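To start, the structure under review is shown below, and the notes come after it.
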Amino acid sequence: MGEKKKIIIDTDPGIDDAMAIFLALQSPELDVIGLTTIYGNVYTTLATRNALHLLEVAGRTDIPVSEGSHVTFTKGTKLRVADFVHGTDGLGNQNFPPPKSKPIELSAPEFLVQQANQYPGAVTVVALGPLTNIALAIELDPEFPKKIQQIVILGGAFAVNGNVNPAAEANIFGDPDAADMVFTSGADVLAIGLNVTHQVVLSAADREKLSQSKGKLAQYMCKILDIYYSYHLDAYGTDGVYLHDPTCLVAALDPSLLTYVEGVVRVQTAGITRGITIFDNTKKRFAEITEWTDKPSVKVAVTVDAPAVCNLLMDRLMNS
């Protein structure tokens, strides 16, 4: 095995965030050097509490947690929080006791910049929530996009409907200005959108298999999954849950399980399609100068080996 890949997980835990974090911690290929928190599934304060709690459950309180922004990049405070998907506590309404550990003093953007400077070209950021912290890190250090190895983004709905409204996916909708800044920053960006994550489903049978295993983290996940299954049955009529965050984590862990295309992505920041991600496949040479002209390309995932992602997740949870 080569050197472990250093990753920072920017997260809003969240039931599927919990799965992704556990998967990362159970992956010998990865060195998780920090968690940064953001609003999304819950407000930022609760995201921090949940991140600390999950590290305690996994016995990894050595990993620093840095609290992120409580407002959007443009200082918006009317945040969309998806507690109806994950429970009011973000973790299936289990009301776990508060964690004993505390976040570090550095804010998430400061921590991201510090780590990028400490390990230039070696840190991958796995962004599982709105992209506010990443945009603030770029504002803090305009060289940040060059210093980071890759930013793997869970976000966007490329050529499919969104999950907040027909146009927008939740993380991009959460802070479209930040998203547009990150997509056009020149960083090595890989976006994992709903077009891919909706192909990866943890079925009721998979859940049963998890519940019968002796894995500590598998048992914990089974405890918090009820509300997530209920939501999917209600919203999509499916007896399974979409593995959004774990699929994004797998893209950092084993990129060979996905294929992607390259082109420019812009995000609409106003109006009825606010939060929509528009991909330019760069096939046509437009005569006019447009808002896409001379912008850096990013990678957008288009296919995924769904059974392999599912098996990898289950295997590592069951062997915890």
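Count residues from 1 along the sequence. Predicted model, so just to flag it, every value in this text is computed and none were measured.
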Could you state the interatomic distance from [atom1] ([X]) to [atom2] ([Y]), rounded to the nearest 0.5 Å?
X	Y	atom1	atom2	answer
I272	N165	CD1	CG	8.0 Å
S297	E262	OG	CD	6.0 Å
L112	N117	CG	CG	11.0 Å
I21	L55	CD1	CG	7.0 Å
L249	D245	CG	CG	8.5 Å
T36	E110	OG1	CD	12.5 Å

For [Y], does its backbone N or O pair with a side-chain atom of [X] as donor and acceptor, under 3.5 Å?
X	Y	value
N171	L128	yes
N195	V160	no
N50	P13	yes
N41	D12	yes
D180	V267	yes
N319	G215	no
D89	Q94	yes
N163	A170	yes

[X] to [Y] - nearest heavy-atom pair and separation:
X	Y	value
E56	K100	OE2-N, 2.6 Å
V123	I148	O-CG1, 3.3 Å
P166	N161	O-ND2, 3.0 Å
I172	G156	CG1-N, 3.3 Å
L190	A251	CD2-CB, 4.1 Å
Y229	S203	OH-O, 3.1 Å

Flag for [Y]-[X]: side-chain donor and acceptor within less than 3.5 Å:
X	Y	value
D83	T88	no
T45	T48	no
T37	T44	no
T277	E169	no

Side-chain heavy atoms of [X] within contact of [Y], under 4.5 Å:
X	Y	answer
T197	I192	yes
L131	D175	no
P130	T72	no
T273	I278	no
H86	I227	no
S320	F22	no
H244	L194	yes
V250	V200	no

I'd like to know if [Y] and [X] are part of one continuous hydrophobic network [Ile/Leu/Val/Met/Phe/Trp/Tyr, side-chain heavy atoms within less than 4.5 Å].
X	Y	value
F158	V302	yes
L154	V32	yes
L317	I9	yes
L30	L217	yes

Within a radius of less than 6.0 Å around CG of D62, do more than 12 heavy atoms belonging to other residues, nucleotides or ligands occur?
yes
Is it possible for you to check whether R266 lies under 6.0 Å from the centre of the six-membered ring of F183, through NZ or CZ, and within 45° of that ring's axis?
no
According to the interplanar angle, ranging from 0 to 90°, do the rings of Y220 and H53 count as parallel (below 30°), tilted (30 to 60°) or perpendicular (above 60°)?
tilted
I'd like to know whether K147 forms a salt bridge (charged side-chain N to carboxylate O under 4.0 Å, His left out) with D141, so could you lay out the CA-CA distance, the side-chain angles of the two residues, the decisive distance to 0.1 Å, and finally the verdict.
CA-CA 10 Å; K147 293 174 183 171; D141 178 4; 2.7 Å; yes
Set out, in order, the CA-CA distance, both residues' side-chain angles and the distance that settles side chain to side chain contact (heavy atoms under 4.5 Å, CB included) for D16 and V241, then state yes or no.
CA-CA 9 Å; D16 55 343; V241 296; over 6 Å; no
Salt bridge (charged side-chain N to carboxylate O under 4.0 Å, His left out) contacts touching residues 212-234 (sequence neighbours left out):
R207-D226
Please name the residue in the list Y228, Y236, Y231 that meets the ring pair (Phe, Tyr, Trp, His ring centres under 6.0 Å) test with Y242.
Y236
May I have the step-by-step check of side-chain hydrogen bond (donor to acceptor under 3.5 Å, both in side chains) for T132 and Y39, ending in yes or no?
CA-CA 9 Å; T132 316; Y39 57 85; 2.6 Å; yes
Identify which one of K4, K5, R316 satisfies the salt bridge (charged side-chain N to carboxylate O under 4.0 Å, His left out) criterion when paired with E29.
R316
Report the C-alpha separation of K6 and Q149 in whole Å, then their side-chain angles, then the decisive distance to 0.1 Å, and conclude whether the side chain to side chain contact (heavy atoms under 4.5 Å, CB included) test is met.
CA-CA 9 Å; K6 291 184 192 310; Q149 183 174 28; over 6 Å; no
